[in-house]
Amino acid sequence: MSDAGYDHATVERRWQEAWDEEDAYRTPDDVEDPTYVLGMYPYPSGKLHMGHVRNYTITDAYARFRRMQGDDVLHPMGWDAFGLPAENAAKERDTNPRDWTFDCIETMTEQMESMGFGYDWDREIATCTPEYYQWNQWLFERFHEEGLVERRDAEVNWCPHCETVLADEQVEGEAELCWRCDTPVEQRELEQWFLKITEYADELLEAIDDLEGWPNSVRQMQRNWIGRQYGAEVDFEVSEAPRASDGRGEGSEPREYGPVTAFTTRLDTIHGATFFALAPDHPISEALAEEDEDVRRFVEEEADPDGDEPNGVATGLTATNPATGDEIPVYVADFVLSDVGTGALMAVPGHDERDHIFAEKKGLDIVPVIAPEPEAGEAPEAPDVEEAAYTEDGVLINSGDYSGLDSETARERLTEDIDSAEEATQYQLRDWGISRQRYWGTPIPVIHCEECGPVTVPEEDLPVELPEFINTTGNPLDAAEEWKQTTCPECGGPAERETDTMDTFVDSSWYFLRYVSPGLEDAPFDLERANDWMPVDQYVGGIEHAVMHLLYSRFFTKVLADHEGLEHREPFTNLLAQGMVQLEGEKMSKSKGNVVSPQRIVEEYGADTARLFMMQAAQPERDFDWSEEGVRSTNAFLARLKGMVEDYVSDEPAGDDDAVASYVDGEIEATIALATDEYDDLTFNKALRETQDLVRTLRQYRDYAEPHAETYERGLSAVVRLLAPVAPHLAEELWDELGNDGLVADAAWPTAEVDRDHVTKRRRLVENTREDIRDIVEVAGIEDPNAIDVVVAPDWKYDALEIAIESDADNLIGELMQESHIREQGDAAADYGQDLQAEREALSMTLSPEAEYAALESAAWLIEREFEAPVTVVGADEADEGALANAEPGRPAIEIDD
RNA sequence: GCGAGGGUAGCCAAGCGGCCAACGGCGGCGGACUCAAGAUCCGCUCGUGUAGACGUUCAAGGGUUCGAUUCCCUUCCCUCGCACCA
């Protein structure tokens with residue numbers, strides 16, 4: 001057999017056409033509750049990369065597995081077709097985003113078909129079509145009606161390269177880089193449309209606990225992102241310190257700024273608050289900046305919220321600590337952020353590290369008010385807070401009436417006792433700003449009227465379609481004058497359209513619902529069918545969407561459940577975050593130039609090889625290295641398998657149904673049992689390892705003896721079907737060659753009678769026995785054994801073992817001797833009983849004596865082949881006493897004649 | 001700093017209370033086949049050992065247990081996410 005591979009191109013084309021003709025992957029609308037398998041739809045960049053191939057091979061393999069198991073399966077594909085790259089590409093190539101996008105979709109569709117992915121293309125969607133995006137607009141208006149849309153002036157993240165705003169989720173890392181182009185993000189003040197995802201913050205957070213089919217990492221990332229914190233808000237009266245008014249002339253009263261609210265999680269430390277700090281853009285800071293040169297300079301020139309050092313400037317104001325009545329100085333400080341808490345904080349240098357650093361720098365008081373929990377009966381001892389803050393909870397000291405309370409209780413009491421204090425919950429999650437100053441997106445369906453303000457477009461006027469693309473700097477919609485000018489739907493006066501489009505994450509927040517009824521013209525999705533078919537049973541995609549897409553989709557699903565009658569509150573039951581395909585430990589990327597092109601691999605080795613190599617290389621969630629060597633050997637494996645099937649078909653063997661055949665039969669059963677479990681768990685690598693092992697066994701069988709045709713064919717047939725989810729084309733080819741009618745895609749998954757436990761015990765027995773023989777031969781220096789006897793233990797030892805496992809008597813020997821047939825064994829029984837007693841705790845049940853005999857008998861050929869000596873498996877009744885003494889359940893005695 | 005996930009023989013990587021000197025693969029070594037190479041097949045790959053044994057190992061150190069690679073604690077290291085978050 002040569003290693004030259006096989007004609008994959010012909011095979012793959014033939015079966016892709018056959019699937020097409022048969023509509024093999026269509027899901028009729030009338031199925032009841034299909035298994036919904038979904039990969040995150042791609043942005044149509046024009047080229048399928050290895051990440052896509054891995055992602056979609058996982059979903060495809062799982063979908064095929066479930067279909068062969070008899071499930072109805074929904075496995076659709078679509079396009080995340082709006083987005084900036086299309087706009088940039090259109091500018092560069094002097095075309096328009098629509099044509100460019102559809103070109104890309106066409107080539108990527110071809111690439112997907114060449115990979116053999118089995119999608120229901122009748123359900124294909126592309127978000128850039130008015131048929132799709134009208135429902136973005138409709139949903140926007142429904143959200144609006146439900147009070148979940150808000151327009152407000154906001155400080156927003158602005159990417160100067162993309163010339164658009166970004167959601168907080170789209171800004172990455174400490175350096176605050178744009179998620180698409182890695183440009184440092186700037187801040188801008190803009191009027192924006194927001195979806196009020198914060199209204200769902202609590203549910204989005206709490207429901208994470210029930211997402212048991214999700215990886216912990218993703219769940220944790222979402223928890224962090226929502227960032228709920230319980231604490232208290234408390235007011236500090238802020239006013240000019242008496243002396244500060246002197247400069248303004250006599251008689252003027254100190255100016256009052258009134259109560260300023262601070263948020264704290266550590267109200268228990270309030271007695272140690274020795275200064276108060278405001279964010280540079282807090283209204284009071286801004287007011288002060290107008291008249292105080294020092295504050296102005298700090299706010300406008302010195303404040304550096306990104307710096308490591310906390311900086312600040314004294315204001316001359318004081319704040320009244322509501323717990324102590326003390327006047328404490330007020331600073332404007334850059335470590336106070338206006339979007340965290342209330343933009344103002346009480347600073348407790350004794351118990352907060354950052355406050356401590358600032359206090360040291362400005363020479364402010366540092367007072368310990370919390371002591372570590374003392375030993376029982378001892379008095380709390382103040383911690384040394386001169387060098388560093390003590391940040392743990394503990395017992396209050398220096399806190400008046402509250403001294404002696406533990407932190408937790410003190411927080412509750414102080415919240416009750418201080419008039420202005422009340423419990424408050426802070427979230428890190430912000431509302432989702434969806435306005436984008438770009439052309440290639442869903443127009444926000446709003447008309448701005450001077451008289452009526454912003455008015456949503458009436459439902460009957462939807463969709464608001466995009467005008468022709470204008471190649472301009474800035475927002476093309478702004479330049480589309482004719483499109484922009486319209487009339488107000490309320491007063492009929494002249495008005496202008498909103499020129500911002502929606503974040504493309506709006507599109508992807510509900511696309512999984514559209515697949516249920518992709519052509520529906522009067523609603524975004526068929527409610528009844530969505531209720532039957534949702535949620536997605538298995539969702540697969542990259543970890544990069546852990547927060548953005550997956551959080552927004554959960555939000556949309558909950559809103560649709562509350563207001564549109566959807567009976568599901570979570571979109572994705574099981575989530576798999578697949579690992580990266582790397583090259584020499586590094587992420588493949590265009591900039592590094594270490595990209596392996598799937599197209600090249602498909603041409604050279606075929607789609608089946610690419611798919612099989614990827615699926616066997618690692619567990620789906622792990623990163624792994626692409627290896628050309630691995631690809632070659634995978635290809636060789638498929639070619640060998642093809643050769644085996646062809647050899648079998650052209651020249652059917654006529655061997656007996658002997659012991660060897662029964663061994664092979666047992667291995668077929670075992671492989672089916674194990675591989676099926678692994679497919680269920682999506683651990684394709686293990687399933688495929690088992691399958692490849694079976695191929696090896698079959699080959700060994702063929703090479704050792706004339707195979708029993710029925711057994712050998714059963715093995716080949718099982719292998720072909722176990723491989724079919726991952727290498728579907730070749731599986732079809734071989735299924736056909738084996739003389740089956742119909743597609744393997746529709747064939748029944750093979751089933752096994754045996755369970756895992758039986759399989760592992762049998763394999764272990766055989767393996768251990770072979771291992772023992774090798775040991776003996778080597779250690780005893782036997783050059784060339786003449787004969788090997790394998791002696792199975794007598795029945796009474798199995799009985800004794802069972803008794804020993806079940807017994808909890810102290811004296812096991814006594815218990816055993818109550819059985820007459822054991823007692824009859826005399827010294828042998830006593831000896832074995834002692835062995836059992838010694839290993840009491842570690843005993844476990846073996847196969848039955850008959851099963852052990854059969855297993856060894858059928859595996860004897862392996863030993864004969866290896867040692868080139870006849871092997872006899874001896875039953876206990878035929879064996880001599882010397883041999884029997886060494887035989888135990890799970891461990892036959894071995895006699896080698898040399 | 002906080003949180004999540006990890007650290008297993010030359011490398012990759014399973015195992016996650018006894019079946020474990022620890023699956024599998026790669027690499028290396030030896031053998032079969034072959035004119036030869038490749039492919040394929042059979043072994044070996046911590047140490048000692050003339051009958052299946054013993055000794056030392058699963059980041060380091062403690063602990064629980066009759067028994068720990070597997071459970072608990074501490075420390076160190078790696079990867080990822082979040083973070084001047086009040």
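These numbers come from a predicted model, not from an experiment.
Residues meeting the side-chain contact (heavy atoms from CB on, under 4.5 Å) test with D623(A), sequence neighbours left out: M580(A), Q582(A).
Between G28(B) and U74(B), the two C1' atoms lie 40 Å apart (nearest whole Å). Spacing between G52(B) and C33(B) at atom P, rounded to whole Å, works out to 33 Å. Atom name P, nucleotides G24(B) and A14(B): the rounded distance is 15 Å, in whole Å. Straight-line distance between the P atoms of G18(B) and U69(B): roughly 10 Å, to the nearest whole Å. Spacing of C1' atoms, G27(B) relative to C12(B), comes out at 11 Å, to the nearest Å. For the P atom pair drawn from G61(B) and U8(B), the interatomic distance equals 16 Å after rounding to whole Å.
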Exercise. Assign a letter to each nucleotide of nucleotides 46-52 of chain B from its 5' end: B, base within under 4.0 Å of a protein heavy atom; S, sugar-phosphate only; -, no contact.
Key: ---BSBB

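Counting any heavy atom pair closer than 4.0 Å across all strands shown, E866(A) reaches sugar-phosphate atoms only and no base atom. Within 4.0 Å (heavy atoms only), Q619(A) reaches sugar-phosphate atoms of the nucleic acid but no base atom. Here V336(A) lies in heavy-atom contact (under 4.0 Å) with a base. No contact: R702(A) has no heavy atom under 4.0 Å from any strand. Using a 4.0 Å heavy-atom distance criterion, S844(A) is classed as making no nucleic acid contact. Counting any heavy atom pair closer than 4.0 Å across all strands shown, N216(A) reaches sugar-phosphate atoms only and no base atom. In this structure, R696(A) reaches the sugar-phosphate backbone alone: every heavy-atom distance under 4.0 Å involves primed, P, OP1 or OP2 atoms, never a base. Using a 4.0 Å heavy-atom criterion, one finds that Q229(A) contacts the sugar-phosphate atoms exclusively.
Side-chain N/O atoms of R689(A) and base N/O atoms of C23(B) include a donor-acceptor pair closer than 3.5 Å.
A tilted orientation is assigned to the rings of Y704(A) and W861(A), their planes being inclined by 30° to 60°.
Base pairing in RNA chain B yields stems of at least 3 consecutive Watson-Crick or G-U pairs, both distances under 3.5 Å, namely B:1-7 with B:76-82, B:10-12 with B:24-26, B:27-32 with B:40-45, B:46-48 with B:53-55, B:59-63 with B:71-75.
A close approach under 4.0 Å does occur between a side-chain nitrogen or oxygen of K686(A) and OP1 or OP2 of G15(B). Between R354(A) and the phosphate of C85(B), there is a side-chain N or O to OP1/OP2 separation shorter than 4.0 Å. Regarding contacts with the backbone of A14(B), a side-chain N or O of R622(A) is found under 4.0 angstrom from either OP1 or OP2. Between R770(A) and G43(B) there is a side-chain polar atom (N or O) within less than 4.0 angstrom of OP1 or OP2.
In this structure, a donor-acceptor pair under 3.5 Å is absent between the side chains of Q222(A) and R219(A). Side chains of Q616(A) and T634(A): a donor-acceptor N/O pair is present below 3.5 angstrom, by distance only. Residues E678(A) and T683(A) have side chains that bring a donor and an acceptor to within less than 3.5 angstrom of each other.
More than 12 non-hydrogen atoms from other residues, nucleotides or ligands lie less than 6.0 angstrom from CD of Q187(A). Counted within 6.0 Å of CD on E423(A), heavy atoms from surrounding residues, nucleotides or ligands total 12 or fewer; the atom is thus considered open. The 12-atom threshold is not exceeded at CD of E353(A), counting heavy atoms of other residues, nucleotides or ligands nearer than 6.0 Å.
Considering only side-chain atoms of R774(A), the nucleotide from C44(B), A86(B), A4(B) that sits closest is C44(B). When each of A4(B), G81(B), C84(B) is scored by its nearest atom to the side-chain atoms of D334(A), the top-ranked nucleotide is C84(B). Here the side chain of L345(A) is nearest to one of C44(B), G81(B), A86(B), namely A86(B).
Annotation: Y679(A) is in aromatic contact with F684(A) [ring centroid separation under 6.0 Å]. Ring centroids of F358(A) and Y331(A) are separated by less than 6.0 Å, placing the two rings close together.
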Quiz item: ring pair (Phe, Tyr, Trp, His ring centres under 6.0 Å) between Y663(A) and Y701(A): does it pass, once the steps are laid out?
Solution: CA-CA 9 Å; Y663(A) 174 85; Y701(A) 179 32; 9.0 Å; no

